[in-house]
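Read through the structure below, which is laid out as structure tokens, and then see the notes.
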Number of protein chains: 2
Amino acid sequence: MTDRADAGRDLGVRRGGVPEATVGRLPLYHRVLVDLADAGVDTVSSDALAATAGVSPAKLRKDLSFLGSYGTRGVGYEVSVLIEQIGAELGISSEWPVVIVGVGHLGHALANYGGFTSRGFRLVALFDEDPELVGTDVAGLVIRPFTDLPSVARAEGVTIGVVATPAAAAQDVADALVAAGVNSVLNFAPVVLTVPPSVDVRRVDLASELQILAFHQQRRGDELGQVAR
Amino acid sequence: MTDRADAGRDLGVRRGGVPEATVGRLPLYHRVLVDLADAGVDTVSSDALAATAGVSPAKLRKDLSFLGSYGTRGVGYEVSVLIEQIGAELGISSEWPVVIVGVGHLGHALANYGGFTSRGFRLVALFDEDPELVGTDVAGLVIRPFTDLPSVARAEGVTIGVVATPAAAAQDVADALVAAGVNSVLNFAPVVLTVPPSVDVRRVDLASELQILAFHQQRRGDELGQVAR
DNA sequence: AGGCGCTTGTGAAGGAGTGCACAAAGTTGC
DNA sequence: GCAACTTTGTGCACTCCTTCACAAGCGCCT
Ligand SMILES: NC(=O)c1ccc[n+]([C@@H]2O[C@H](COP(=O)([O-])OP(=O)(O)OC[C@H]3O[C@@H](n4cnc5c(N)ncnc54)[C@H](O)[C@@H]3O)[C@@H](O)[C@H]2O)c1
Ligand SMILES: NC(=O)c1ccc[n+]([C@@H]2O[C@H](COP(=O)([O-])OP(=O)(O)OC[C@H]3O[C@@H](n4cnc5c(N)ncnc54)[C@H](O)[C@@H]3O)[C@@H](O)[C@H]2O)c1
């Protein structure tokens, strides 16, 4: 059921007014809540939930307040209600069709990743350019030639594409995805993709993450020499 | 060298005062600059560099200003100088030893990822618990039993560890890493790790990234009045 | 019924990050 | 040597995010 016809009473909360920072944490909350539900918990306080999610209680409460008032004062939040509300906000209710382009080491791992399909996404196709790979089976799907992208994308209504090709091919792949109607891209290649403003790109960059860790590590090391007054 | 006892007055730029948001972008700048250098470019303006990195020129200039004044007014920045300065800030000069725990689909891909070793990191060991895997060769390294972690970590001075095990094992693995002296962790498992405050954890979460894309996708759809179909 | 303890929801304060605009500082051309 | 032009570096205002603190609301107990 698509209950997007607002049930009328959220005039106080702007529908599209969830801050970006909050959006970035909603998936985390959702996962933690699902884990709690699996563990048989049916009610949590903001303090407890914040602790398990690793954020401050005030931040958590404010985040949740953007979705509406789904808690009970003096008691806490009902886990199932929160899961449903956050899920609705993130669009987990619907099943987003996803394609992966580039089935090398990384693409292979992604295709076999269960977390994809268990959180509102359906992997509908794998594409690669390598003739050796095309036709082989990965994670229950047949790898298709990259040239099939347009027809598959339109047939399945694909709006999200994952780029897992080498950096050199990533821009071309992105262009093809955009041309095929995909307007959300998750990019693993270490390049900045140029796309029309209507297209949303998120970059996942392993090396960057490590370098940020290294930076903090180094700073910590530097400070050890100075702590002694 | 650049660090003498600061005589009570900071020179406008604080050593160690680089904002977190800037730190998060430095790896991006570094990569873009290396690409430019490879392409034979030796000077860039903030406008040009900002465009290739996908950020605003003002932001870029402010970011770089935290490292010092390495540009030339009227000209721009010398690519090699910037690479060196950013590299130094990030600790790329030294080679950080890294270990990966959990050599399944994802760990396999990570071990074979060239970007690791080419950016100041050296993969020193792979660990897994599975007896079938231990002893086999991946990316030129032998997979070692997880119990070897302490000795290897100390022998090589490992401070950065990558967790690529299933969620259920991640916390135990993190505990072992911390016990072995590792205090920077890159976690791919979809769980929130609990570690001492002295340990820095970064989480990379595929499903979250997709869900954030889905959120924006859904919002865009809603605003158009109706979703696909 | 009423008070008590607990937890949410939120205004308001404080802090971090971003964009703007321009003076300072360099280069080029004559 | 000077004027015109280019581009950096940064003070300032502004927006966004986080933290604080507490009134409002709910359930339970007496
Ligand atoms: N392996 C990792 O852990 C890792 C981590 C972070 C980022 N990355 C990045 O992810 C990307 C993929 O990494 P990988 O290790 O899987 O590389 P890979 O070489 O193993 O796989 C790349 C795949 O893309 C295919 N391909 C190439 N050009 C294509 C095109 N135009 N259209 C469709 N398919 C094409 C190739 O045939 C190959 O199968 C790279 O950009 C890499 O830098 C990898
Ligand atoms: N595959 C992906 O694309 C992907 C993406 C995002 C996140 N993840 C997460 O990364 C993790 C690994 O994913 P995967 O697909 O590689 O799983 P996988 O099952 O293929 O590999 C896990 C490996 O960890 C090893 N392992 C288990 N317990 C261990 C322990 N206590 N000590 C050492 N090694 C141990 C297993 O033997 C196995 O080799 C999972 O938590 C998954 O949710 C995977």
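Values in this document were obtained by computation on a predicted structure and should not be read as measured data.
- Side-chain contact between R61(B) and D47(B): present, with at least one pair of heavy atoms (C-beta onward) separated by less than 4.5 Å.
- Summarising the geometry, the separation between CD on E20(B) and P on dT18(D) is reported as 13 Å, rounded to the nearest angstrom.
- The phosphate of dG9(C) has OP1 or OP2 within less than 4.0 Å of a side-chain N or O from Y77(A).
- Note: CD (E78(A)) to C1' (dT8(C)) measures 15 Å, nearest angstrom.
- Between V182(B) and T159(B) the shortest side-chain heavy-atom distance does not fall below 4.5 Å.
- Contact annotation for S56(A): backbone-only contact, meaning every heavy-atom pair under 4.0 Å involves sugar-phosphate atoms and none involves a base.
- The OH atom of Y70(A) sits 16 Å away from the P atom of dC26(D) (whole-angstrom rounding).
- Within residues 36-48 of chain B, the residues having any heavy atom under 4.0 Å from DNA chain D are, by residue number, S45(B), S46(B).
- Y77(B) contributes atom OH, which lies 12.5 Å from atom OG1 of T43(B) (distance to the nearest 0.5 angstrom).
- Atoms CD1 and NE2, from I100(B) and H108(B) in turn, are 10.5 Å apart once rounded to the nearest 0.5 Å.
- Note that OG of S118(A) is 7.0 Å distant from OH of Y113(A), once rounded to the nearest 0.5 Å.
- Listed nucleotides dT27(C), dC20(C), dT18(C) differ in distance to K59(B); the shortest reach to its side chain belongs to dT18(C).
- Distance check, rounded to the nearest 0.5 Å: CG of L186(B) to CG of L213(A) gives 6.0 Å.
- Listed nucleotides: dT10(C), dT10(D), dG17(C). Nearest to the side chain of S65(A): dT10(C).
- A straight line from CG of D63(B) to P of dA16(C) spans 16 Å, rounded to a whole angstrom.
- Of the two residues contacting DNA chain D, namely A21(A) and R61(A), the nearest-nucleotide position lying further toward the 5' end is that of A21(A).
- There is no side-chain donor-acceptor pair under 3.5 Å between S184(A) and D200(A).
- Distances shown here put every side-chain N or O of R73(B) at or beyond 4.0 Å from the OP1 or OP2 atom of dC22(C).
- The nearest whole Å value for the distance from the CG atom in L26(B) to the P atom in dG17(C) is 13 Å.
- Atom-to-atom, CG of L67(B) to C1' of dG9(D) comes out at 13 Å; the value is rounded to the nearest Å.
- Taking for each of G76(A) and K62(A) the nucleotide of DNA chain C with the nearest heavy atom, the 5'-most of the two is the partner of G76(A).
- Taking atom CG of L64(B) as the reference point, atom P of dT8(D) lies 9 Å away to the nearest angstrom.
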